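The structure appears below as structure tokens.
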Amino acid sequence: MTSKKYILEMFPYPSGNIHMGHVRNYVIGDICARYHKLKGDEVIHPMGWDAFGLPAENAAIQFNTHPKDWTLNNIKNMKEQLQKLDLDLDWERELATCDEDYYKYQQELFIDLYRAGLAYKKDALVNWDPVDQTVLANEQVIDGKGWRTGAIVEKKNLSQWFFKITNYAEELLSDLDNLKLWPEKVKTMQKNWIGKSIGAEIKFKILDSDDYLNIFTTRPDTIYGATFIAVSINHPIVNKSLNQEKIDNIKKEFEEINDDKDKMGVPLPIHCEHPILKKKIPVFIANFVLDTYGEGAIFGCPAHDDRDYEFAKKYSLPIIKVIECDDKSIPYSGDGIVINSPLLNGLNKEDAIKEIIKIFKKNKVGNEKINYKIRDWGVSRQRYWGCPIPVIYYEDGTYRVLDKEELPVVLPYDVNLKGKGNALLNIDDWRKIVCPKTNKIAFRETDTLDTFVDSSWYYIRFLDNKLEKPFDSEKVNRMLPVDKYIGGIEHAILHLLYSRFFMKALRDIYNLKVDEPFKQLFTQGMITHKTYKTQNNEWVMPKDIVLNNNRLVKTKTNETVEEGPSEKMSKSKKNVIEPDEILENYGIDATRIFMISDSPPDRELEWTDEGIQSSKNLVHRIEKYFSQKLSTFNLETEKKVEKFIHDIEKNILDFSLNKCVADIYTLFNYLEKNKIYLNNSTLSKKIIICLFPVLPRLSLSINSLLFNSEILNKWPNIDLELLADNNIKLPIQIQGKLVTTFDTTKGYKKEDILKSIYKLDKVKNKIVNKEIIRIINVQDKIINIIVK
RNA sequence: GCGCCAGUGGCGGAAUGGUAGACGCGCUGGUCUUAGGAACCAGUGGGCAACCGUGGGGGUUCGAGUCCCUCCUGGCGCACCA
């Protein structure tokens, strides 16, 4: 029975050269793909290029070239490098996201998303990267800095395109439970990112006004302890209550705080009414209220929230305790019994929340509410080298999303990248058009799509990269999800969450039957290498170092070099190893072996000269082994080979590739130690086939030498009878401690074996003069004798 | 601060609750070789031994690296998320 297997490694950004991290990634995938092909599965194993993006623009300026030329040239180079690795890839499926043939279908998808209400435009405070001069998605801002430039991100109010990922927040969260073959870690990260909290929305009436302030809380049970309201500086009520100058001053003050955890607030000239107590409570602008979460406003309950407590202390606001428990500390934010709250007294947290929500509902001042931290995905980028958004704007400010017949909107080639901002803005003869539908003057959208849009559906396009529509539904239903998706953990949120959203959105638009894009996710570890520095703190490349009189020195200058810790390979620290050189010196097979041998594929792998050398030695050893003349072999040999087939198969399927290498060593250690040479026997054939996924070159060459055949196919079936080894070494324990082992066969009779065991010296000595009170016999596993 | 993961020889790492340290690296001794970053053989957790050993302490069990509690250490993620 054959089944489809879609095996995919995250496609690379064509930066110019592949690095060792790529090699490890693709070798892992290649082993899987080759194995499944041998099993007779219908395997898809494509490769392509994540080809849009800012580095191309920067490189174009730096090297006085064009992003497209630079990118296409890099693709050519990297493809050659990959081909040198002899990966079993479906090159006929190759695609590059910067090809018109790819992005025109992305523009179609954009139109579909728009028509489905999942793409929309709005004015929004967005993250602005001043160095790259573009907007960033929330996911691309790390610690307030741009993910690529490290520049402090500014807030800008811009009209931007968004994808409505929030529509899928609940499903993106709940479906994580169905992803049984994803690392828990990644699922946890996505879960936190989506950030679901269950609580209540409460309306606080603004006194002397018809307006209300909405706040979200997970602790409505502490409502009686609310003594103030705090809003973010960007909350709409601030604009209504203060003039711009004042607001700017407050913003400045907030920015000048040294410790950003320090609480600071400014009272607003308005007050709210407590929704239950009807008393007047003050409203502050506070620096610790996030405008991006909930309603951008909170009620402060100082007795039961650390931040509110700090704030109340600083501004001498009342602190009312409404939760009682054994822990007398203030503030206390745990569970307890409600006090000082006439309508809730005596209830526990859970009941109090239910009860107060009932009351809110009755009084029409609040409701239960589920809040998600995730916000819609901003996809506009003010960059040239990306997929044009198929929209035009009229002079009156209205816009129209193009029809599919009007596609593609082709990215113009002639461009000047040396100016400030988005180069597309300056290409007038591209930008300005006469709208064919209205005959009015119109201007093209000059923002391009975030490159994460490109990578959100490339795995779908791979199924049929030449089709004259984005994809074929029947094929998608049949071939997706990707069975094994292999890549770095750095994409845990961004790419993987966006892709999950895309799959679900496309499912709903096109009635697809696929809920999730990636059935199994495997995150491979990075490759590290020792770092080297001269006394002058200059990094030195490992290949420029020699050992001279027990001293590490730089070859050219003879300077002393100090060895530092092993760190992720990076150009800046010069601790990189170039794949091309390794391939040349050690060959493909040794490189593959080393990529998987020293540590489990999901952990980091330290590059060592000894490691790559011993991998090469193994390849030679196997080659030499098969050149020996055929010897006799016996049933035991057959059993060992059978076990090898079984173990290596299991380990490939589990991604325990380091154990595959151990399996290979174990087999050849046994064969050579016993001088059993299998040459061109049927056992050899089986071994060679099983070696093929890991050592394709070697297996092919041995196969053609011994069997005069170019073909390796059909993974051997396992003979269960041979696999079952009836001879066992039975561990014998006394008081649960190992005393000896006893050679016997499976299915022994307990009574018989005990008679023999009691005669063993080691056992006899320990039980003499003692009473045997219990015998535990786990059949075929262990015998434990308990004495008194 | 919160959450998750992990701590096993000199090192990387193996062990469905059932012989801890598979396999590799390194190291020690030896063989062969003009030589070797080659190959081969033997050994390699600690201790002379009885025994002791999976970060520390406690527990469950006939039996714990594995399960539970607790503490320590390290890594990763999130971080004023109301």
Side-chain angles (χ1 to χ4, degrees), chain A residues 142-144 183-197 199-200 202 215-220 222 226 230 232 259-263 286-290 292-301 304-308 310-311 333 371-374 489-490 492-493 566 585-586 593-594 597-600 603-606 608-618 620-621 624 647 651 656 658-669 672-673 728-742 773-778 780-787:
Chain A
I142 295 146
D143 290 337
E184 278 309 316
K185 190 179 167 165
V186 175
K187 290 197 274 186
T188 307
M189 283 164 73
Q190 292 210 354
K191 203 170 167 181
N192 293 338
W193 186 263
I194 295 165
K196 179 181 185 176
S197 348
I202 307 172
I215 68 99
F216 172 75
T217 179
T218 54
R219 292 299 301 272
T222 64
S232 141
D259 181 351
D260 62 7
K261 293 263 157 143
D262 278 350
K263 304 289 176 285
N287 67 330
F288 67 94
V289 180
L290 302 170
T292 57
Y293 185 78
E295 305 286 339
I298 59 149
F299 76 70
C301 177
H304 303 290
D305 183 281
D306 296 347
R307 299 149 301 183
D308 299 348
E310 253 183 82
F311 191 80
S333 55
N371 189 64
Y372 297 93
K373 195 176 79 171
I374 191 172
I489 190 134
E490 65 272 21
I493 293 175
S566 207
N585 292 333
Y586 297 93
I593 285 277
F594 182 53
S597 61
D598 271 15
S599 42
R603 282 198 224 168
E604 57 182 47
L605 170 72
E606 183 175 5
T608 60
D609 292 345
E610 291 84 0
I612 183 73
Q613 183 58 47
S614 65
S615 301
K616 189 179 181 181
N617 293 347
L618 176 63
H620 280 166
R621 184 176 157 194
K624 212 172 105 187
D647 290 352
N651 287 326
S656 298
N658 54 323
K659 288 191 254 168
C660 290
V661 180
D663 295 334
I664 295 171
Y665 275 109
T666 306
L667 177 70
F668 285 95
N669 286 350
E672 290 185 330
K673 190 175 179 125
I728 50 169
K729 271 192 177 354
L730 187 68
I732 311 299
Q733 294 183 333
I734 292 174
Q735 312 292 64
K737 283 191 174 181
L738 181 77
V739 172
T740 186
T741 60
F742 187 76
I773 55 171
R774 195 173 162 192
I775 308 255
I776 291 127
N777 172 41
V778 182
D780 301 340
K781 285 273 182 187
I782 203 162
I783 285 181
N784 188 6
I785 301 163
I786 311 300
V787 295

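Values below: every heavy atom of this structure, side chains too, minus hydrogens, waters and symmetry copies. Values in this document were obtained by computation on a predicted structure and should not be read as measured data. Sequence lines set the chain letters: A, B, ... in the order given, protein chains first and strands last, and positions in each chain run from 1.
For Ile776(A), the side-chain atoms get nearest to G18(B) when compared with the rest of G77(B), G18(B), A42(B).
Residue Asn658(A) is classed as a sugar-phosphate contact, given heavy-atom separations below 4.0 Å to backbone atoms only. Residue contacts for Thr741(A): at a heavy-atom cut-off of 4.0 Å it reaches a base atom on one of the strands shown. Using a 4.0 Å heavy-atom criterion, one finds that Lys673(A) contacts the sugar-phosphate atoms exclusively. The residue Lys373(A) sits close to a base: some heavy atom pair falls under 4.0 Å. Contact annotation for Asp609(A): no contact, since no heavy-atom pair falls under 4.0 Å across all strands. Base contact: Leu290(A) has a heavy atom under 4.0 Å from a base atom. Using a 4.0 Å heavy-atom criterion, one finds that Asp663(A) contacts no nucleic acid atom at all. Here Gln733(A) lies in heavy-atom contact (under 4.0 Å) with a base.
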Just the table, please: protein N/O against nucleotides 46-54 of chain B N/O, every pair under 3.5 Å.
from, atom 1, to, atom 2, distance (Å)
C51(B), OP1, Lys766(A), NZ, 3.3
C52(B), OP1, Lys737(A), NZ, 3.4
C52(B), OP2, Lys737(A), NZ, 3.4

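Pairing for G29(B) goes to C41(B), judged as Watson-Crick or G-U wobble with the two contacts each under 3.5 Å. Across all strands shown, G3(B) pairs with C76(B); the Watson-Crick or G-U wobble distances both stay below 3.5 Å. In this structure, G12(B) and C23(B) make a Watson-Crick or G-U wobble pair, each of the two defining distances being under 3.5 angstrom.
Shown here, G75(B) is classed anti by the O4'-C1'-N9-C4 or O4'-C1'-N1-C2 angle, which is more than 90° from 0.
Checking side-chain atoms of Ser599(A) against main-chain N and O of Glu604(A) turns up a donor-acceptor pair under 3.5 Å. With hydrogens and angles disregarded, no donor-acceptor distance shorter than 3.5 Å links the side chain of Lys673(A) to the backbone of Phe668(A).
Between Ser197(A) and the phosphate of A82(B), there is a side-chain N or O to OP1/OP2 separation shorter than 4.0 Å.
Asn784(A) contributes a side-chain N or O that forms a donor-acceptor pair with the base of C62(B) under 3.5 Å.
Judged by distance alone, the side chains of Asn658(A) and Arg603(A) never bring a donor and an acceptor atom under 3.5 Å apart.
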